[in-house]
Chemist: 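For reference, the structure I am asking about is given below.
Letters A, B, ... are given to chains in the order of the sequence lines, protein chains preceding strands, and every chain is numbered from 1. Because the structure is a prediction, the values reported are computed rather than measured.
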Amino acid sequence: MPDTVEAVWRSFGGTKGPPDRLSFEQVSRGRPDVLPEPLRRSSRFLTHPVFNRYHSETEMLRYMRRLADRDLALDRSMIPLGSCTMKLNATTEMVPLTWREFSDIHPFAPADQVAGYIEMLDNLTAKLCAITGFDAVSLQPNSGAQGEYAGLLAIRAYHRSKGQSHRNVCLIPSSAHGTNPASAHMAGMEVVVVACDAEGNVDLTDLRRNAQKHAGALAAIMITYPSTNGVFEEHIRSICEIVHGSGGQVYLDGANLNAQVGLARPGDYGADVSHLNLHKTFCIPHGGGGPGMGPIAVKAHLAPFLPGHPERKSSHAGAVAAAPFGSASILSISWIYIMLMGAEGLTAASTAAILNANYIAARLRAHYSLLFKGRKGRVAHECILDTRPFKESAGVSVEDIAKRLIDYGFHAPTMSFPVPGTLMVEPTESESKAELDRFCEAMIAIRGEIRSIEEGRLPRDNNPLKNAPHTALDVADEEWQRPYSRAQACFPLERLRTDKYWSPVNRVDNVYGDRNVICACPPLAELEDAHFVETGGIKVTA
Amino acid sequence: MLKFTKDHEWLRVDGDVATVGITQYAQEQLGDLVFVELPAVGKQLETGAAAAVVESVKAASDVYAPVSGEVTQVNESAVSEPGLVNSDPMGKGWLFKLKIADPAQVAGLMDEGAYQALTG
Amino acid sequence: MKTLAENDFAARHIGPSPADVEKMLDVIGASSLDELIDQTIPSSIRQTAPLDLGAALSETQVLERVRAVAAKNKVLTSLIGQGYYGTILPPVIQRNILENPAWYTAYTPYQSEISQGRLEALLNFQTMIADLTALEIANASLLDEATAAAEAMAMARRIARWERPAFFVDRDCHPQTIAVVQTRAEPLGWQIIVGDPLGTDLDPGGVFGALFQYPGCSGEIRDFRLAIERLHTRGAIAVIAADPLALALLSAPGELGADIAIGSTQRFGVPMGFGGPHAAYIACKQAHQRALPGRLVGVSIDRRGRVAYRLALQTREQHIRREKATSNICTAQVLLAVIASMYGVYHGPDGLRKIARNVHRRAATLAAGLRVLGWTILNENFFDTICVDAGDRQATILRRAAENGLNFAASSMKTGRASLA
């Protein structure tokens, strides 16, 4: 580091003739700091024990391991979350991002120093265009939602460029992901909800009615395809035509791209712009809630309105992220994935994703009703299990089923989206038949438990679902007053006796948490003394 | 006199003052409430305007003014103890009181029988 | 789907083997994969030509290719600053978080019972930020500092007493921050006023809020207390974009009176990465917690009364409130927030102070040496960044810097700016 300072001095040189050779050691000796006195910090920070007890590498290592052991991630079992595409994040894809040639580059470094990055980004862009059928890509948005926002801004700018700045209505189906209307609001658009029919598809009649009603002011429609209900709607081309006919643009939410890479391209069937969730279809790991990347791909007429950036004069449009290429270093992951798979591999992956979802639907059909299907009875890459009837027949909520799945070693499918009270299952192509069967076995066993409740063999208020997840502490209780055994609670399947994931806590009280909001580390005494704890909301009793 | 709206608010009229809250059905649908936001005293509300917000863990709902009027009182107990709205939505869980601008508007609201029919 | 050779990566990525596929098709009642796809995807939209992507590479081949491309990047020591700084990621954290599938393959912690580990790490992050900024509540990350500034502006609008149409932005904010804030304001009809926060450009009665950079992009450390007081008397909101490492040595935003603080935690161990990913933060006073965007980790109890973590106040978020949500944010920067939080856990307050003091000492030494060499330093006070009046020697200096393996920032004001790390 002192070398760096000396190098800076050499770079500047002297202003009056040849400089003396300055030494860092000499110049820094006894040098006071130059922080302004009135703004010098005197208050303490990071006083909580967690910041003061893990300073040896051994302690630090074990703390990170302890935390990781509490969690259920994709390295343990399938996470069949509908709409999330929790597929393999392969090791080879992850290797280069920590190489210094990728990690130690400043986003505003001179262009001649980043030829490697530019080559990677150009190549990735070309591949994304080939996959989607669009003409241009911006890699700036660093999440799907940010991509939606950037895409809608591009549409808005396009209308303005045509003297149509009064167009501000955005049609959004009622089944849309929450980010869609939220993004439309941020882009200054007025959200008009379009109804879905009984099959979960966009209601064409309602769409035509709304497109006509708002024809003069129609800016765009935001659709997801295949739909958030897991179906390749037959009339997608008609939807695009209706909107175009009323002067609007088609924004296609690319969250479900995993069902169509190599099989269909949004740019071919009518979309004008799409964001791509690289942390879904293109293998960037989910990370617990980020990082993601949400580049937008557009048809040529929208290309001039892609996000610009003050450090790169490529476009006049506004910037949507701090860095010109978003979270650039993780783009290597998606780039490598595409190169590893090639055209055949990607098409095979989409096919397998559809196969796996249909397999689960077929295996579970006798136990759970399937909510939506395509015209030939097939689902796309995800399916929705209707768990609503159990509320009435057994007093079992979808949350109860999700928590009981934890006892079987699984993360639940997506709860209550797009339909409240249901489970949406997306296995992805990465899961083997064996893992799919393990999941089906668990779901079928749980259906059996529900049947026991329906038939009165277990009470509605005290059964393995209501009391899930069960913990090791439950098993260790002196008294066991429940109408089912400890074995049924914790080892409902034989395989769990060998490999068991233990939930570290019992069902979390959400109401308590939102009525008593505490968002910083509680004092350590309460954590270690594991009893009913409250501090300004959490009480300590011994 | 007790009246209801299709948005699951109830209205109890006493002279020219109306007490407003959400119904039993509404609190059941929402689940345990964790947060209640009430209008400022003195605020002028038009019929159908968003007057208050009630939130559970998984949903947030606007409470609309059933009739036009000026807010004269709000129920601070509902704010400090949102569970009150669940346990006694028609009584102690009232939300706010309005000085009714136009009594004729009250007549247009549903009576108890019609509301029961609506919620089955 | 033709049978893929065993050493093809696709066979490693795709779960069902060809034998499995046969059995599964049987259960589904389809005679082949082609038939299944024909029955699933409408023929009217099927793509006719195969993807134009070139042949697949093996894992060995792809790493060779990527290495060759990476070699075209030149790794200099970048002293450009402007929100991105050199930092050291402790190897134990790199291997056990960033390179550990147990952490990076996890999902968003909506199922709290099975997410207690990362929820605790995020709670540590929130606590660390709340402490450093001296504000009561911090969230579990935003996308980047510029986006966080735009979110803070939207939040200020929600909580300000008056719905005035303008928002003030410090001209010494990072340029990319100013750009993203301007983009956000435009469709919503808000006017952005960029100027000197300590002069007459900032009219407290004419704005719903103001954003200050601390230290400034130029490196200058300015006292905003009076400006913030004036904003408060007129019912406007004060937002400070603060460098978290500087806060180890400088008065915190909360102590200066700020209502909201935002910034990036990149320099807490996360490499620059040509722009990211990095976890940005936002913090505010407890009274404003419902107006906060993004995910918030909270403490609750489980059925046995034991402490349990969860995502709190989700009704603020898009999946519940939709167009009325505090923000459209869904995916954030959790893995990077976890890394930054572990940096704080590993170094502790003394470690962070030491790192900050070393950074400052280097900058002070650099400035002193440059003065000896005859240069004029334009900053009165600074933490890690100095602006040097380069006159007409700017181009020469930048060239010599590159020869010495360094990047500085050049500005149109003929200065050279260097940020130490």
Chemist: Atom CD1 of C:Ile114 and atom NE2 of A:His411: how far apart are they, to the nearest 0.5 Å?
Modeler: 4.5 Å
Chemist: Does any heavy atom of chain A fall under 4.5 Å from the side chain of C:Leu296, the backbone, both, or neither of them?
Modeler: side chain
Chemist: Donor-acceptor check, side chain of C:Ser300 to backbone of A:Asp509, threshold 3.5 angstrom: yes or no?
Modeler: yes
Chemist: Quick check: closest heavy atoms across A:Tyr117 and C:Gly273, and the distance to 0.1 Å?
Modeler: OH-O, 3.7 Å
Chemist: Starting at OG1 of C:Thr108, measure out to NE2 of A:His286 and round the result to the nearest 0.5 Å.
Modeler: 3.0 Å
Chemist: So, does C:Asn73 use its side chain to make a donor-acceptor pair with the main chain of A:Glu101 at under 3.5 Å?
Modeler: yes
Chemist: Flag the one option from A:Ala402, A:Gly262, A:Ala109 with the top tally of heavy-atom pairs under 4.5 Å to chain C.
Modeler: A:Gly262
Chemist: I need the residue from A:Ala322, A:Pro310, A:Ala7, A:Ser28 with the largest number of non-hydrogen atom pairs under 4.5 Å to chain C.
Modeler: A:Ala322
Chemist: Please flag which part of A:Glu57 lies under 4.5 Å from any non-hydrogen atom of chain C: side chain, backbone, both or neither.
Modeler: both
Chemist: With a 4.5 angstrom heavy-atom cut-off, is it the side chain or the backbone of A:Val191 that approaches chain C, or both, or neither?
Modeler: side chain
Chemist: Quick check on A:His106 against chain C: is it the side chain, the backbone, both or neither that has a heavy atom closer than 4.5 Å?
Modeler: both
Chemist: If you measure from CG on A:Leu22 to CG on C:Leu373, what distance do you get to the nearest 0.5 Å?
Modeler: 4.5 Å
Chemist: Tell me, out of A:Gly289, A:Gly318, A:Ala90, A:Gly188, who's got the most heavy-atom pairs with chain C below 4.5 Å.
Modeler: A:Gly289
Chemist: Before giving the answer on side-chain contact (heavy atoms from CB on, under 4.5 Å), spell out for C:Glu113 and A:Val505 the whole-Å C-alpha distance, their side-chain angles and the decisive distance to 0.1 Å.
Modeler: CA-CA 6 Å; C:Glu113 293 83 1; A:Val505 294; 4.0 Å; yes
Chemist: How long is the gap from CZ on A:Phe24 to CG on C:Leu366, to the nearest 0.5 Å?
Modeler: 9.0 Å
Chemist: Look at the side chain of A:Asp71 and the backbone N and O of C:Ala106, then say whether any donor-acceptor pair between them is shorter than 3.5 Å.
Modeler: no
Chemist: Which one, A:Ala343, A:Pro96, A:Gly287, leads in non-hydrogen pairs under 4.5 Å with chain C?
Modeler: A:Gly287
Chemist: Using non-hydrogen atoms and a 4.5 Å limit, figure out which bit of A:Ala187 sits close to chain C: side chain, backbone, both or neither.
Modeler: backbone
Chemist: Measuring heavy-atom distances to chain C, does A:Met341 have an atom under 4.5 Å in its side chain, in its backbone, in both, or in neither?
Modeler: both
Chemist: Determine the minimum heavy-atom distance between C:Thr147 and A:Val320, stating which atoms define it.
Modeler: OG1-O, 3.7 Å
Chemist: Which bit of C:Pro109 is near chain A, if near means a heavy-atom gap under 4.5 Å: side chain, backbone, both or neither?
Modeler: both
Chemist: Measuring heavy-atom distances to chain C, does A:His279 have an atom under 4.5 Å in its side chain, in its backbone, in both, or in neither?
Modeler: side chain
Chemist: What part of C:Ala248 lies closer than 4.5 angstrom to a heavy atom of chain A: side chain, backbone, both or neither?
Modeler: both
Chemist: For C:Ile37, is it the side chain, the backbone, both, or neither that has a heavy atom closer than 4.5 Å to a heavy atom of chain A?
Modeler: side chain
Chemist: What part of A:Arg10 is in contact with chain C, defined as an atom under 4.5 angstrom from a non-hydrogen atom: side chain, backbone, both or neither?
Modeler: both
Chemist: Kindly confirm or rule out a cation-pi arrangement of C:Arg184 over A:Tyr149, judged by NZ or CZ under 6.0 Å from the six-membered ring centre and within 45° of its axis?
Modeler: yes
Chemist: By a 4.5 Å heavy-atom criterion (distance strictly below it), what part of A:Phe325 contacts chain C: side chain, backbone, both, or neither?
Modeler: side chain
Chemist: Let me confirm one number: the CG-CD distance from A:Leu81 to C:Gln111, rounded to the nearest 0.5 Å.
Modeler: 8.0 Å
Chemist: Okay, side chain of A:Ser432, backbone of C:Gly15: is any donor-acceptor separation there less than 3.5 Å?
Modeler: no
Chemist: Side chain, backbone, both or neither: which part of A:Ile79 has an atom under 4.5 Å from a heavy atom of chain C?
Modeler: side chain
Chemist: Examine whether an atom of A:Leu340 lies under 4.5 Å from a heavy atom of chain C, and if so say whether it belongs to the side chain, the backbone or both; otherwise answer neither.
Modeler: both
Chemist: Can you tell me which portion of A:Asp69 sits under 4.5 Å from chain C's heavy atoms? Options are side chain, backbone, both or neither.
Modeler: neither
Chemist: Quick check on C:Thr77 against chain A: is it the side chain, the backbone, both or neither that has a heavy atom closer than 4.5 Å?
Modeler: side chain
Chemist: Is A:Arg100 in contact with chain C via its backbone, its side chain, both, or neither, using a 4.5 Å heavy-atom distance?
Modeler: both
Chemist: Distance check, rounded to the nearest 0.5 Å: C:Arg65 atom CZ versus A:Met339 atom CE?
Modeler: 5.0 Å
Chemist: With no hydrogens and no angle check, just 3.5 Å: does a side-chain donor-acceptor pair link A:Glu429 and C:His13?
Modeler: yes
Chemist: Spell out, as yes or no, whether a donor-acceptor pair under 3.5 Å connects the side chain of C:Thr127 to the backbone of A:Cys521.
Modeler: yes
Chemist: Which is it for C:Asn407 and A:Gln113 under the side chain to side chain donor-acceptor pair (under 3.5 Å) test, yes or no, and what are the steps along the way?
Modeler: CA-CA 10 Å; C:Asn407 281 323; A:Gln113 293 176 19; 2.7 Å; yes
Chemist: So what's closer than 4.5 Å to chain C heavy atoms on A:Ile338: side chain, backbone, both or neither?
Modeler: side chain
Chemist: Hey, does the side chain of A:His55 reach the backbone of C:Val345 with a donor-acceptor pair shorter than 3.5 angstrom?
Modeler: yes
Chemist: Between A:Pro469 and chain C, with a heavy-atom cut-off of 4.5 Å, which part of the residue counts as in contact: side chain, backbone, both or neither?
Modeler: side chain
Chemist: For A:His185, does the NE2 atom sit with more than 12 other heavy atoms under 6.0 Å from it, leaving out its own atoms?
Modeler: no
Chemist: What is the minimum heavy-atom distance between C:Ile14 and A:Ala352, and which atoms define it?
Modeler: CG2-CB, 3.7 Å
Chemist: Go through the atoms of C:Ala401 and report whether side chain, backbone, both or neither lie under 4.5 Å from a heavy atom of chain A.
Modeler: both
